[in-house]
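Working notes, beginning with the structure itself.
Residues: numbered from 1 along the sequence shown.
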Amino acid sequence: MRVLPPPAEGFPATVETLIVGAGAGGMVAALAAAQAGDEVVVVERDAVPSGSTALSAGLIPAAGTRFQAAHGIADDAATFAADIQRKAKGENEPTLVETMASTAAEAIEWLADRFGLAFSLVHDFDYPGHGRRRMHGLPTRSGRELIDALRVACEGAGVPILCEARADTLYADADGRVQGVGLVRPDGSEERIGCGRLILASNGYGGNAARVARHMPEIVGALWFGHSGNDGTALAWGEALGAEIRHLGAYQGHGNVAHPHGILITWAVIGEGGFQVDRTGRRFWNEAQGYSEAARAVLARPGGEAFAIFDARIAGIARQFADFREAEAQGAVRSADTLDALAGALGLPTDAFAETCAAVDTAKAGRADDPFGRAFAGATPLAPPFCGVRVTGALFHTQGGLAVDADARVRRAAGGTFPNLHAVGGAACGVSGSGDSGYLSGNGLLAAVTLGFRAGRAVQAARDASG
């Protein structure tokens with residue numbers, strides 16, 4: 001991961017917009033840039049586009065969409081932005097929050113209308129911190145489906161994606177203007193490609209153990225649930241160029257990954273009235289805080305594991321997610337007609353587990369306050385058949401990175417922006433504050449899609465401004 005002066009011999013080929021990374025951010029940027037009239041090339045280190053997006057549920061939060069209106073949900077960008085800032089305790093740069101919140105609906109409807117992505121609203125349960133139901137996803141609620149749909153859209157738009165091409169060198173002049181990148185192929189051969197501008201969409205640094213230990217020591221040892229290519233290349237280039245860096249301790253964790261199966265269990269099983277216990281059969285925190293901070297809470301328990309407890313009604317809601325159906329198919333989700341039988345299936349102490357379930361029912365009935373402060377009153381009591389799954393905590397992706405403006409232009413530490421360098425998604429500093437608890441559900445794909453959309457269109461905006 002080097003930054004070098006431009007080669008004296010130049011570049012064998014040059015394109016107007018070069019994008020590093022074929023995840024959601026990179027491909028949305030490519031589609032937007034191509035629509036704006038740019039010649040675009042995307043380079044991707046893997047054999048097929050994948051990235052952290054493919055490992056996610058593929059859900060994008062947006063406010064004021066027609067998909068919300070179809071379910072009678074009134075929402076707007078200001079309400080969305082307030083929710084983002086509230087979760088992050090006001091630690092985000094306000095303009096960036098407002099930009100993402102006001103761009104998301106336009107980007108999703110553009111992807112639906114122009115490229116046929118079959119978005120629909122997750123309308124049957126709430127995500128922690130969101131004041132409205134605003135999560136949008138494709139039919140399987142799978143990031144793999146989202147990646148595949150974006151790849152097909154790029155193919156249809158004539159955008160070439162050069163796979164098995166790992167970008168390891170950035171060429172920039174003394175003023176910080178990017179001239180191109182160097183690529184390494186699987187056989188060790190090297191190529192160079194020049195560019196009019198560069199969009200970094202290579203995600204963050206969660207796959208770089210040394211950086212995780214340095215910036216996020218509290219999550220060291222967690223299951224790494226991101227993509228191995230998230231090695232911090234974009235961050236290293238930015239540091240070498242003198243970019244402004246923000247919130248390197250911010251990340252998205254998840255405390256509900258089936259163990260040892262390694263399958264994401266949707267937080268709907270908790271949000272709809274389920275809860276978590278540890279090996280002692282007892283609850284240990286307020287699960288309503290969010291799934292990101294759940295990672296640390298779960299990892300701190302004996303054995304670094306917990307058990308998500310819910311019922312068949314909630315499992316029915318969770319089955320809209322392909323991951324949950326896969327967890328059921330692999331036997332990760334256990335079911336029983338009685339709480340004692342479920343305790344036995346999960347290896348939990350029967351008496352303690354029964355006491356915990358009774359206390360939750362009492363709180364749901366409004367007869368006592370929850371000792372952890374969760375607002376259980378009015379929630380539906382669990383009913384047989386009961387369900388449970390052994391889970392652990394995981395690191396999904398980082399949220400700090402290169403500071404960017406509203407069009408995803410990378411900021412200089414000394415002030416101003418670089419003339420032709422953008423960062424989107426996990427390569428950029430997101431809107432999740434400085435740690436894990438500031439992560440609002442969907443923030444990762446929010447930054448990928450909105451910043452990708454704006455970075456792709458930035459050249460067109462400049463053309464329009466110049467007349």
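- A 6.0 Å sphere centred on CG of Asp76 holds more than 12 heavy atoms belonging to other residues, nucleotides or ligands.
- Under the salt bridge (Lys or Arg N to Asp or Glu O under 4.0 Å) criterion, Arg283 pairs with Glu287, Asp370, sequence neighbours left out.
- For Pro371, the side chain to side chain contact (heavy atoms under 4.5 Å, CB included) test picks out no residue, with sequence neighbours left out.
- Partners of Trp224 by ring-ring contact (aromatic ring centres under 6.0 Å, His included), not counting sequence neighbours: none found.
- Taking 4.0 Å as the cut-off between side-chain N and carboxylate O, Arg211 and Glu239 count as a salt-bridged pair.
- Residues that satisfy the side chain to side chain contact (heavy atoms under 4.5 Å, CB included) test with Asp46, not counting sequence neighbours, are Glu44, Ser50, His227.
- Using modelled atom types, no side-chain atom of Tyr439 and backbone atom of Tyr291 make a donor-acceptor pair closer than 3.5 Å.
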List, one per line, each side-chain donor-acceptor pair under 3.5 Å for residues 198-205, sequence neighbours excluded.
| unit_1 | atom_1 | unit_2 | atom_2 | d |
| --- | --- | --- | --- | --- |
| Asn203 | OD1 | Asn230 | ND2 | 3.4 |
| Tyr205 | OH | Leu248 | O | 2.8 |

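- Evaluation of the salt bridge (Lys or Arg N to Asp or Glu O under 4.0 Å) rule for Arg2 yields no partner, not counting sequence neighbours.
- Panel note: side chain Glu106, backbone Thr103; no donor-acceptor pair is recorded below 3.5 Å.
- By the 4.0 Å N-to-carboxylate-O rule, Lys87 lies too far from Asp83 to be salt-bridged with it.
- Taking every heavy atom of both residues into account, Arg134 and His136 meet most closely at O-ND1, 2.8 Å.
- Geometrically, Arg133 does not engage Phe125 in a cation-pi contact, judged by NZ or CZ lying under 6.0 Å from the ring centre and within 45° of the ring axis.
- In this structure, Ser228 has no side chain to side chain contact (heavy atoms under 4.5 Å, CB included) partners at least two apart in sequence or on a different chain.
- Heavy-atom minimum distance, Ala377 versus Gly366: CB-CA, 4.4 Å.
- Between His254 and Trp267, the angle of the ring planes goes over 60°, which puts this pair in the perpendicular group of the 30/60° scheme.
- By the side chain to side chain contact (heavy atoms under 4.5 Å, CB included) test, Arg319 is found to be paired with Ala315, Phe324, Arg325, Glu328, residues two or more places apart in sequence or in another chain being considered.
- Residue pairs meeting the salt bridge (Lys or Arg N to Asp or Glu O under 4.0 Å) criterion with at least one member in residues 225-234, sequence neighbours excluded: Arg45-Asp231.
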In residues 339-349, what donor-acceptor pairs under 3.5 Å come from side-chain atoms, sequence neighbours left out?
none

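- Among pairs with a residue in residues 253-274, those fulfilling salt bridge (Lys or Arg N to Asp or Glu O under 4.0 Å) read Glu272-Arg313, at least two apart in sequence or across chains.
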Would you give me the side-chain donor-acceptor pairs under 3.5 Å for residues 378-395, sequence neighbours excluded?
| unit_1 | atom_1 | unit_2 | atom_2 | d |
| --- | --- | --- | --- | --- |
| Arg390 | NH1 | Glu305 | OE1 | 3.2 |
| Arg390 | NH1 | Glu305 | OE2 | 2.9 |
| Thr392 | OG1 | Gly304 | O | 2.7 |

